[in-house]
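Residue numbers run from 1 in the order of the sequence given.
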Amino acid sequence: MAATGLSLVGTVAAQASSSLGANWYMGAPYAYEYDAAGPDLTQGMAATGVKVFDLAFVLADGGTSCNPSWNGDDPVSSDTQVAGVIAAVRAAGGDVGVSFGGYGGTKLGQVCGSAQATAAAEQQVVDKYGLHSVDFDLEEPEYENATAIANELGAAQILQQDNPGLLETVTLPGTTSGTGYFGQQLLDEAKSLGYTPDAFTIMPFDGGFSGAAAQITALEDFHAMLMNTFGWSSAYAYAHEGFSGMNGRTDSGEYFYQSDFQSVLDFAEQNGLGRFTFWDANRDRQCNPPSNNGSLSSECSSVPQNAWDFTSYAVAFSEQASPTPPAATTTTTGSGGGGGGGGGSSCAAPWSSSSVYTGGDEVSYGGDNWTAKWWAQGDTPGGAAGVWTDDGPCGGSGGPTTTVATTTSAPTTTSAPTTTSTQVTTTTAPATTTTASTGGGGGAIVNPGFETGSLSPWSCDPGTGSVVTSPVHSGTYALAAAANNSDDAQCSQVVAVSPSTTYTLSAWVQGNYAYLGDTGTGTSDTSTWTPSATGWTQLSTTFTTGPSTTSVTVWVHGWYAQGTVYADDFSLTS
């Protein structure tokens, strides 16, 4: 992009102070400043209200020097082009962050000999432009270099300590299950250093993604990885998780439309994600023709759009201005008596510390009804977090109290960590049911309804599985799998089967994030799940055994920090 307002270069340092809230930096779209046909960022500010852009990318000068350089060939020390853009954005009332790294090129962490040397190089950029925000975009080839990653994360920690108030984000490639081996290695390195950025951000594109649903699944799986790695609570992990999308056509031919951005934005707002951004503002305009003949462009999106459409979603995140999702559906399960004095409205379902609530959900606690303002889990009504609005006393002395069952929505979609997910089949449990567990041609699930009063021959993760008498789907007993911050409470059993046979595995479940699946099929292992089963719900999945398979493992589990899942009446039929 050609520099804008070069006469303002000298005012960059003077305008470095910022009164913008952190949310503007966490919602800043990327902009690439070495595209000669790139947009005027101040026009985007005027059109959408966006206030901050994340400028890309600072690399190692010449690919060999531990000196910061824009695009690897324009030393920061002598830069005027980007400085002019920064001055113009600040003159218009906005600000910028700077991103180190990106895809390709040689990063500072690869050539600087230590974390201290990397930090010294990056501090030059912070000082030159008076930055309030920096991003570490740790991609190939640096991403697979453990020493370089250690340098970058160590440098980020040093900058964090030396620049109080500097916002820092770490951005890494995403996969359909969160992030891959090298991403986990990066998280482990951060843990070993004791380093926590304002957000760990994944890029769920260019990896077999199909629309917003796949991206949300990746975000949920990454959320679980953050909780697992750092021992964080669910809410804290969401607050330190970020999304970085790609607008329109991606490098690998995936397509993400405005509706996909809206869906992910809804998820981000409902769950309190710490960051929402995209690559990049240069492409936030329509091509000619709109499809760009099916080709990728660095200067337009290859989908029909108005100028700055995708930037508007980042603005909505920064302002938290998108429409609030509808309140959860409520159904009356009892009836209030007539007459009588005193009391308030009917009491909603009791608050549960393990349940997930979203804005508009109602609970009863301490004799009052309460309404959630936003996503919450484990936040006591009336507590310091301020999640709940007190709606006043409920119940009363005038006859039986009406019970209202509130259907709460758990964070949207996730998947079992080591299996291939199939479509979800859920039905409402009838009043009574018969336990059926016949293994066609191969054997049967033993103790399918836990009516022996014990777990055997089921095997559960240590300390997580037990047999309970309430709730049960039928009979006297059921399984309780108590997931916690570090364990998804998997319970499993090895079952005899026949080769080359198609089976249907079913079970009745209750609770948040209940999973059912199979492994060792000899073909494609399958699984299914439900995000929130407030009553008994049947899950079913189908698999076909391989030509030499004589046994499979069937399993059920919950999800990290999402509370206890109950299961009963397993069935395996062919």
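Residues Y503 and V497 are in side-chain contact: their nearest non-hydrogen atoms beyond the backbone lie under 4.5 Å apart. Using a 4.5 Å heavy-atom threshold, the side chains of V468 and Y477 count as separate. A heavy-atom distance below 4.5 Å is not found between the side chains of S177 and M225. Between P547 and S500 the shortest side-chain heavy-atom distance falls below 4.5 Å. For the pair F230/L187, a side-chain contact is recorded, criterion being any heavy-atom separation below 4.5 Å from C-beta on. By the 4.5 Å heavy-atom criterion applied to side chains, P197 and T169 are not counted as neighbours. A heavy-atom distance below 4.5 Å is not found between the side chains of T171 and T277. Two residues are said to be in side-chain contact when any heavy atoms from C-beta on lie closer than 4.5 Å; F317 and N23 fail this criterion.
Considering NZ of K191 and CG of N228, their distance stands at 9.0 Å, rounded to 0.5 Å. Put simply, OG1 on T530 and OH on Y513 are 10.0 Å apart, with the number rounded to the nearest 0.5 Å. We find the CG-OG1 distance between D221 and T175 to be 7.5 Å, quoted to the nearest 0.5 Å. Taken to the nearest 0.5 Å, the CE atom of M203 stands 6.5 Å off from the CG atom of L172. Expressed to the nearest 0.5 Å, how far CG of L505 lies from CD1 of I445 amounts to 5.5 Å. Separating the NE2 atom in H240 from the CG atom in L273 is a distance of 11.5 Å, to the nearest 0.5 Å.
Here S252 pairs with D206, T250, E254 under the side-chain contact (heavy atoms from CB on, under 4.5 Å) rule; sequence neighbours left out. The side-chain hydrogen bond (donor to acceptor under 3.5 Å, both in side chains) test applied to S244 returns no partner, not counting sequence neighbours. A237 meets the side-chain contact (heavy atoms from CB on, under 4.5 Å) test with H223, L226, M227, W232; sequence neighbours excluded. Not counting sequence neighbours, Y257 has no partner by the side-chain hydrogen bond (donor to acceptor under 3.5 Å, both in side chains) test. Residues passing the side-chain contact (heavy atoms from CB on, under 4.5 Å) test with A567, sequence neighbours excluded: L479, V509, V556, F570. For Q258, the side-chain contact (heavy atoms from CB on, under 4.5 Å) partners are Q305, D309, F310, Y313, not counting sequence neighbours. Every residue two or more places apart in sequence or in another chain that forms a ring-ring contact (aromatic ring centres under 6.0 Å, His included) with F243 is listed here: F276. Remark: F256 pairs with no residue by the ring-ring contact (aromatic ring centres under 6.0 Å, His included) rule, at least two apart or across chains. Residues satisfying the side-chain hydrogen bond (donor to acceptor under 3.5 Å, both in side chains) criterion with E168, sequence neighbours excluded, are Y195. With sequence neighbours excluded, the residues satisfying side-chain hydrogen bond (donor to acceptor under 3.5 Å, both in side chains) with S506 are S540.
Contact between G27 and A314 at its shortest, heavy atoms only, is O-CB, 3.1 Å. Minimum interatomic distance between D391 and E362 (heavy atoms only, all atoms of both residues): OD2-OE1, 4.4 Å. Nearest heavy-atom pair, A199 versus G242, reported as atom, atom and distance to 0.1 Å: CB-N, 4.4 Å. The heavy-atom pair separating D568 from H473 by the smallest distance is OD2-N, 3.0 Å. Nearest heavy-atom pair, N271 versus F267, reported as atom, atom and distance to 0.1 Å: ND2-O, 2.9 Å. The minimum heavy-atom distance between Q184 and T179, with the atom names listed, is N-CG2, 4.1 Å.
Taking the six-membered ring for Trp, F200 and F136 have ring centres at least 6.0 Å apart.
Counting only residues at least two apart or in different chains, disulfide bond (SG atoms under 2.5 Å apart) contacts with residues 489-521 comprise C460-C491. Here side chain to side chain donor-acceptor pair (under 3.5 Å) pairs that include residues 453-472, with residues two or more places apart or in two chains, are T452-S454.
Y143 contributes a side-chain N or O that, together with a main-chain N or O of G183, makes up a donor-acceptor pair within less than 3.5 Å. Side chain of D518 to backbone of T526: a donor-acceptor contact under 3.5 angstrom is found. In this structure a side-chain-to-backbone donor-acceptor pair under 3.5 Å is present from N447 to E451. Put simply, the side chain of T545 gets close to the backbone of S498: a donor and an acceptor are under 3.5 Å apart. Counting only distance, with no hydrogens or angles, the side chain of T537 and the backbone of A533 share no donor-acceptor pair below 3.5 Å. Without hydrogens or angle criteria, W508 side chain to V472 main chain gives no donor-acceptor distance under 3.5 Å.
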Run L516 and W555 through side-chain contact (heavy atoms from CB on, under 4.5 Å) and show every step you take.
CA-CA 6 Å; L516 176 72; W555 52 260; 5.6 Å; no

Report task. List the steps, then state whether side chain to side chain donor-acceptor pair (under 3.5 Å) holds for T501 with S574. Result -> CA-CA 7 Å; T501 303; S574 62; over 6 Å; no

Between T544 and T521, does the side-chain contact (heavy atoms from CB on, under 4.5 Å) criterion hold? Intermediate values first, please. CA-CA 7 Å; T544 300; T521 62; over 6 Å; no

message = Apply side-chain contact (heavy atoms from CB on, under 4.5 Å) to residues V264 and L219 and explain how you reach the verdict.
response = CA-CA 9 Å; V264 178; L219 288 166; 4.0 Å; yes

Could you go step by step and tell me if V315 and W24 meet the side-chain contact (heavy atoms from CB on, under 4.5 Å) rule? CA-CA 8 Å; V315 172; W24 285 105; 4.2 Å; yes

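With F543 as the partner, the side-chain contact (heavy atoms from CB on, under 4.5 Å) test is satisfied by one option alone out of T502, T504, V552: V552.
A donor atom on one side chain and an acceptor atom on the other are found under 3.5 Å apart for E220 and Y238. Side-chain contact annotation: N369 with S364, donor-acceptor N/O pair under 3.5 Å absent. Remark: the Q262 side chain and the D266 side chain contain an N/O donor-acceptor pair separated by less than 3.5 Å. Checking T201 against E241 by side-chain atom types alone, no donor-acceptor pair falls below 3.5 Å.
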